[in-house]
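Below is one structure; the comments refer to it alone.
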Amino acid sequence: MKLKILPLLCIAALSHASLFAYTRNSKQMLSMTDGAPRVQASESYGDFAAILDNGSLLSWGYSSPGGLRPTIPEGRSLVSIVANPGNVMFTGSFAGILDDGSLQCWGNSWYGGTTPEIPIGRKVVAIASAIGAFAALLDDGTLQCWGMAGLICGTPEIPIERKVVAIDSTARSFAALLDDGSLKCWGDNYYGGCTPTIPKNKSVVSLTSSDQCFVAILNDGTLKCWGGYYSLIDWESRMPNGKKALSIAAHHDGLCAILDDGTVKFWAYCWGFLWEDRVAETAQILTGKKVTFITANKDNFVGILDDGTAFSWNHNKCPSSPISPILIPGHKKILSITASDYAFAAILEDKTVYCWGDSNYGGSTPKIPDGRTVISISANKNAFAAILDDGSLLCWGNMKCGGTTPTIPEGRKVIFVTGKQE
């Protein structure tokens with residue numbers, strides 16, 4: 001293992017965070033229901049990797065691991081890539097799924113950058129990443145794990161009669177959803193690696209994770225939360241008035257749920273502890289409006305309403321601070337929002353971009369080339385990368401950590417970029 005130190009500008013951009021902990025915004029679990037290869041939308045500290053329309057790779061940002069391009073087997077092409085973030089002191093790695101369902105890994109070999117062998121005849125359908133490790137879901141419902149052994153403790157034992165249907169991860173652990181709605185977790189217990197007890201006659205239908213904990217939506221619409229860096233959490237929500245949770249956003253300071261009536265409830269962590277006796281607080285949105293989407297960065301939750309407007313609230317206080325509307329120039333509707341560590345980037349109804357937050361993390365709205373529109377936006381912890389309608393790229397944020405637009409080979413188009421994509 002070769003120790004790498006991030007560039008000074010990249011370290012400066014990470015000054016808000018501790019050296020060995022990072023907050024990853026909530027992610028939805030990866031399943032094999034549609035058979036298409038999928039990867040978890042995990043962000044690296046300062047790299048991006050893109051797949052071009054001929055299946056080749058383009059990478060930029062901090063020189064390792066993003067600058068180390070693998071040799072793709074002849075006749076094969078990449079269809080999806082997931083980032084393994086590493087931490088401030090040690091660079092991470094990437095894992096890609098090829099068009100034949102095989103794997104291609106590169107970057108820090110100790111952190112999973114060496115391609116593992118998968119069983120003959122099997123294909124990879126999904127990959128989740130944690131700091132220093134990967135977990136792959138294979139097409140027969142089994143698992144393949146590799147990377148830092150101290151984290152993953154090997155591939156977990158799954159009951160012989162059961163199959164894994166979905167996987168998820170926190171910063172230092174993994175969770176597998178089995179075909180009977182039960183769970184199998186492994187890794188660091190303080191990050192959700194201890195398998196929780198699911199209430200009798202209930203089953204898990206959806207998983208979401210932050211860097212420190214997992215949140216499961218059960219089949220009756222209630223929630224189960226476990227993990228927690230400062231203390232182990234094994235907590236079940238008290239849902240208000242029989243309402244059911246439809247989707248979750250989570251981070252180290254709390255979790256937020258969209259309920260089946262379009263309202264939002266949130267539960268707060270204080271100093272790392274979930275207040276088990278806390279009744280869910282209600283986000284005070286306008287009467288008659290419903291929330292359709294929620295996400296978070298390290299400072300704020302953001303929600304999109306059914307009229308295309310958006311609101312946010314800061315989660316650094318207990319109880320949470322008041323709701324604030326997000327003012328979009330020209331009152332344009334918001335289609336989607338992606339978060340870096342301390343900024344947000346929204347795609348608007350005219351396919352332009354509006355950004356807010358810390359400019360060092362991409363919070364300043366970039367200028368889109370004349371005649372071009374934005375198709376999608378990805379984020380690492382410090383920058384954003386947008387795919388434009390002609391297959392070109394536009395990047396902004398920390399220039400040393402992926403915020404500088406790379407040169408695309410002549411005649412090629414970008415079809416996929418690693419990072420968080422909402």
Checking [X] side chain against [Y] main chain: does a donor-acceptor pair fall under 3.5 Å?
X: Thr418; Y: Ala49; answer: yes
X: Asp389; Y: Thr373; answer: yes
X: Ser209; Y: Asp168; answer: no
X: Ser359; Y: Ser364; answer: no
X: Trp396; Y: Gly403; answer: no
X: Ser93; Y: Tyr111; answer: yes
X: Lys224; Y: Thr197; answer: yes
X: Glu349; Y: Gly308; answer: no
X: Thr208; Y: Ala249; answer: no
X: Trp226; Y: Gly192; answer: yes

Which heavy atom in [X] sits nearest to a heavy atom in [Y], and how many Å separate them?
X: Leu183; Y: Thr195; answer: O-CG2, 3.4 Å
X: Ala383; Y: Cys401; answer: CB-O, 3.7 Å
X: Ser129; Y: Ala83; answer: OG-O, 2.7 Å
X: Leu103; Y: Pro116; answer: CD1-CG, 3.7 Å
X: Phe416; Y: Ser80; answer: CZ-OG, 4.0 Å
X: Phe48; Y: Ala379; answer: CE2-C, 3.8 Å

Does any part of the side chain of [Y], heavy atoms only, come nearer than 4.5 Å to the side chain of [X], both counted from C-beta?
X: Ile158; Y: Leu178; value: yes
X: Asp341; Y: Asn382; value: no
X: Ile51; Y: Val79; value: no
X: Asp179; Y: Lys163; value: yes
X: Ile377; Y: Ile337; value: no
X: Leu393; Y: Trp60; value: yes
X: Pro73; Y: Gln104; value: yes
X: Ile326; Y: Phe344; value: no

*asked:* Pairing donors with acceptors under 3.5 angstrom, does anything connect the side chains of Ser173 and Asp188?
replied: no
*asked:* Would you say that more than 12 heavy atoms from the other residues, nucleotides or ligands in this model lie under 6.0 Å from the CD of Glu161, or not?
replied: yes
_Verdict with supporting geometry, Ser77 and Asp99, side-chain hydrogen bond (donor to acceptor under 3.5 Å, both in side chains)_ = CA-CA 6 Å; Ser77 60; Asp99 56 353; 3.2 Å; yes
*Could you go step by step and tell me if Ser340 and Phe384 meet the side-chain contact (heavy atoms from CB on, under 4.5 Å) rule?*
CA-CA 7 Å; Ser340 66; Phe384 295 101; 3.7 Å; yes
So that I can tick it off, tell me whether [Y] and [X] are bridged by a salt bridge, with the cut-off set at under 4.0 angstrom between side-chain N and carboxylate O.
X: Asp100; Y: Arg76; value: yes
X: Asp260; Y: Lys243; value: no
X: Asp220; Y: Lys244; value: no

